[in-house]
There are 2 protein chains.
Amino acid sequence: MEFKEAKNKFVQTWGALGSQWGINKTMAQIHALLMVSSEAVSMEDIMEELQISRGNASMNIRALMDWGIVYKEYKVGERREFFTAEKDLDELAVKISKERSKREIKPALKVLKEVSSINANATSEEKHFVDQTKKLYDFVLKADNVLDKITEYKDNWLAQILVKFMK
Amino acid sequence: MEFKEAKNKFVQTWGALGSQWGINKTMAQIHALLMVSSEAVSMEDIMEELQISRGNASMNIRALMDWGIVYKEYKVGERREFFTAEKDLDELAVKISKERSKREIKPALKVLKEVSSINANATSEEKHFVDQTKKLYDFVLKADNVLDKITEYKDNWLAQILVKFMK
DNA sequence: ATAAACTTTCATTTATTTTTGAAAGTTTAA
DNA sequence: TTAAACTTTCAAAAATAAATGAAAGTTTAT
């Protein structure tokens with residue numbers, strides 16, 4: 001397989017993955033393209049490489065910047081804007097996770113808290129509902145913090161040594 | 001808020017969450033409904049509660065069973081089938097994570113390995129591509145195993161005590 | 001064997017999401 | 001200030017995904 005083919009395959013695959021994870025295909029493809037480009041890329045080039053319209057490119061680049069995983073760059077003597085992606089993968093994971101937490105998990109937690117606080121006066125049906133949604137609340141809350149925990153743990157060399165030692 | 005309203009709100013919220021995470025809305029709603037039902041529920045009742053067609057119900061229940069998070073149940077003297085959801089949340093998380101890994105992560109890893117193995121003969125552009133996709137491969141591979149690691153860690157009381165102690 | 005009770009399938013319809021592209025907006029150089 | 005070079009917006013179109021429902025399939029009781 002030669003370079004161009006490999007690059008294309010990577011972009012397509014990353015795009016498909018993105019669309020299964022709630023990020024739209026083009027957005028993920030642009031991100032993929034930028035991640036493997038050593039140089040910053042212009043909008044024109046993105047349109048050309050992905051065969052997409054100006055509007056589509058513009059909107060999805062904007063979205064990526066809102067997520068904080070793509071940056072604008074200026075070149076001297078160039079009027080156009082260029083774009084680069086966050087290439088540090090730990091940083092990328094943290095940003096994506098924070099953003100999804102904010103947009104999706106936090107609102108869901110709010111609802112879970114609400115519905116688990118109803119007055120379960122009588123039936124076992126209602127008791128079960130309250131019980132189960134409370135458990136869900138705790139679980140989602142914990143899961144939501146998992147990435148922070150992992151980051152902490154990664155920086156904690158003593159914990160790492162101890163856990164390795166025990167295995 | 002009274003029970004019926006709370007239940008409905010929960011089902012809607014869980015459904016929306018599902019659709020942001022690559023699971024379709026109805027599938028997530030059925031799962032939500034079953035999770036908070038103390039009794040097994042018939043297809044007829046699912047159709048009624050969610051206001052969906054027979055075909056839709058059938059196909060999504062089937063999908064949930066394929067994921068291993070919904071089970072069929074039979075009642076004596078009843079010809080109809082009833083359904084229940086996996087209610088243990090750790091178990092649920094493990095099953096979902098395994099299934100998504102199998103369906104999405106593993107194929108992506110395969111491609112990442114492929115494209116990072118091209119002969120980067122010359123340009124710095126090609127070198128950067130190979131370098132970045134290799135990093136991605138390692139990263140995704142590690143991330144893919146995170147849940148297993150957490151499960152291990154949860155069962156390891158000594159690790160837990162030690163890490164708590166250090167904080 | 002038959003028919004009632006139930007479930008599954010899948011071509012078609014409906015709903016949702018994404019993309020387009022032309023017009024409006026912005027910035028910069030002269 | 002003007003106009004060229006560029007970016008953003010958004011209504012409409014296209015593409016994609018999900019839902020319907022009637023027909024086909026299956027199971028069970030008699």
Side-chain angles (χ1 to χ4, degrees), chain A residues 11-34 40-67 70-84 100 103-104, chain B residues 11-34 40-67 70-84 100 103-104:
Chain A
V11 170
Q12 295 308 319
T13 304
W14 206 244
L17 205 62
S19 68
Q20 277 161 330
W21 285 82
I23 286 157
N24 94 28
K25 196 184 68 180
T26 306
M27 196 170 148
Q29 285 182 345
I30 295 175
H31 182 250
L33 182 64
L34 295 179
V41 182
S42 72
M43 191 144 100
E44 208 70 37
D45 288 346
I46 291 171
M47 287 163 59
E48 169 63 27
E49 284 227 44
L50 303 180
Q51 292 291 308
I52 57 172
S53 72
R54 193 170 290 287
N56 198 4
S58 173
M59 286 174 81
N60 285 108
I61 289 169
R62 151 62 64 102
L64 285 162
M65 291 194 298
D66 287 349
W67 278 64
V70 159
Y71 313 110
K72 245 184 207 167
E73 238 174 54
Y74 298 96
K75 292 191 184 180
V76 285
E78 279 274 16
R79 188 117 152 223
R80 293 174 300 167
E81 296 169 339
F82 293 82
F83 304 93
T84 24
R100 298 202 70 169
R103 295 182 191 210
E104 297 154 21
Chain B
V11 169
Q12 296 307 320
T13 304
W14 206 244
L17 204 63
S19 69
Q20 276 161 329
W21 286 82
I23 285 158
N24 94 27
K25 195 185 68 180
T26 306
M27 198 170 146
Q29 285 182 345
I30 295 174
H31 182 251
L33 182 63
L34 295 180
V41 182
S42 71
M43 190 143 102
E44 208 71 37
D45 288 347
I46 292 171
M47 288 164 57
E48 168 64 26
E49 283 228 45
L50 303 180
Q51 291 292 309
I52 57 173
S53 71
R54 193 169 290 286
N56 196 5
S58 173
M59 286 175 80
N60 285 108
I61 289 169
R62 152 62 64 100
L64 285 163
M65 290 195 298
D66 287 348
W67 278 65
V70 159
Y71 313 110
K72 245 183 206 168
E73 238 175 54
Y74 298 97
K75 291 192 184 179
V76 286
E78 278 275 16
R79 187 117 152 221
R80 293 175 300 167
E81 296 168 340
F82 293 82
F83 304 93
T84 25
R100 298 202 70 166
R103 294 181 192 211
E104 297 153 22

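Computed from heavy atoms alone, side chains included, the values below leave out hydrogens, waters and symmetry copies. Order of the sequence lines sets the chain letters (A, B, ...), proteins ahead of strands, with each chain counted from 1.
In this structure, E48(A) places its CD atom where only 12 or fewer heavy-atom neighbours from other residues, nucleotides or ligands lie under 6.0 Å away. The environment of M47(B) atom CE is dense: over 12 non-hydrogen atoms of other residues, nucleotides or ligands sit within 6.0 angstrom.
Atom pair Y74(B):OH and dT7(C):C1' shows a separation of 10 Å (rounding to whole Å applied). Summarising the geometry, the separation between CE on M59(B) and P on dA24(D) is reported as 18 Å, rounded to the nearest angstrom. Separating the CD atom of E78(B) from the C1' atom of dT27(D) is a distance of 15 Å, rounded to the nearest angstrom. Per the geometry, CZ belonging to R80(A) stands 19 Å off P belonging to dA4(D), to the nearest Å. In this structure, R62(A) places its CZ atom 15 Å from C1' of dC6(D), rounding to the nearest Å. The CE atom of M43(B) sits 12 Å away from the C1' atom of dT9(C) (whole-angstrom rounding). Distance, E81(B) CD to dT7(C) P: 5 Å, rounded to whole Å. In this structure, the NZ atom of K75(A) is 13 Å from the P atom of dC6(D), given to the nearest Å.
Comparing dT8(D), dT7(C), dC10(C) by their nearest atom to the side chain of R54(A) picks out dT8(D).
Under the 3.5 Å distance criterion, with hydrogens and angles disregarded, a donor-acceptor pair is assigned to the side chains of W21(B) and E104(A).
Both tests do not hold together for K72(B) against F83(B): distance to the six-membered ring centre under 6.0 Å, angle to the ring axis within 45°.
No contact: E44(A) has no heavy atom under 4.0 Å from any strand.
Screening V41(B), V11(B), I46(B) for a side-chain contact (heavy atoms from CB on, under 4.5 Å) involving I30(B) leaves a single residue, I46(B).
With hydrogens and angles ignored, a donor-acceptor pair under 3.5 angstrom links the side chain of R79(B) to the base of dT27(D).
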Name the pairs: protein N/O against N/O of nucleotides 14-19 of chain D, kept only if under 3.5 Å.
from    : atom 1 : to     : atom 2 : distance (Å)
dA19(D) : OP1    : T26(B) : OG1    : 2.4
dA19(D) : OP2    : T26(B) : OG1    : 3.2
dA19(D) : OP2    : N56(B) : OD1    : 3.1

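The heavy-atom pair separating A28(A) from G15(A) by the smallest distance is CB-CA, 3.7 Å.
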TODO: Verify side-chain contact (heavy atoms from CB on, under 4.5 Å) between E44(B) and R54(B), making sure each step is shown before the conclusion.
DONE: CA-CA 8 Å; E44(B) 208 71 37; R54(B) 193 169 290 286; 3.2 Å; yes
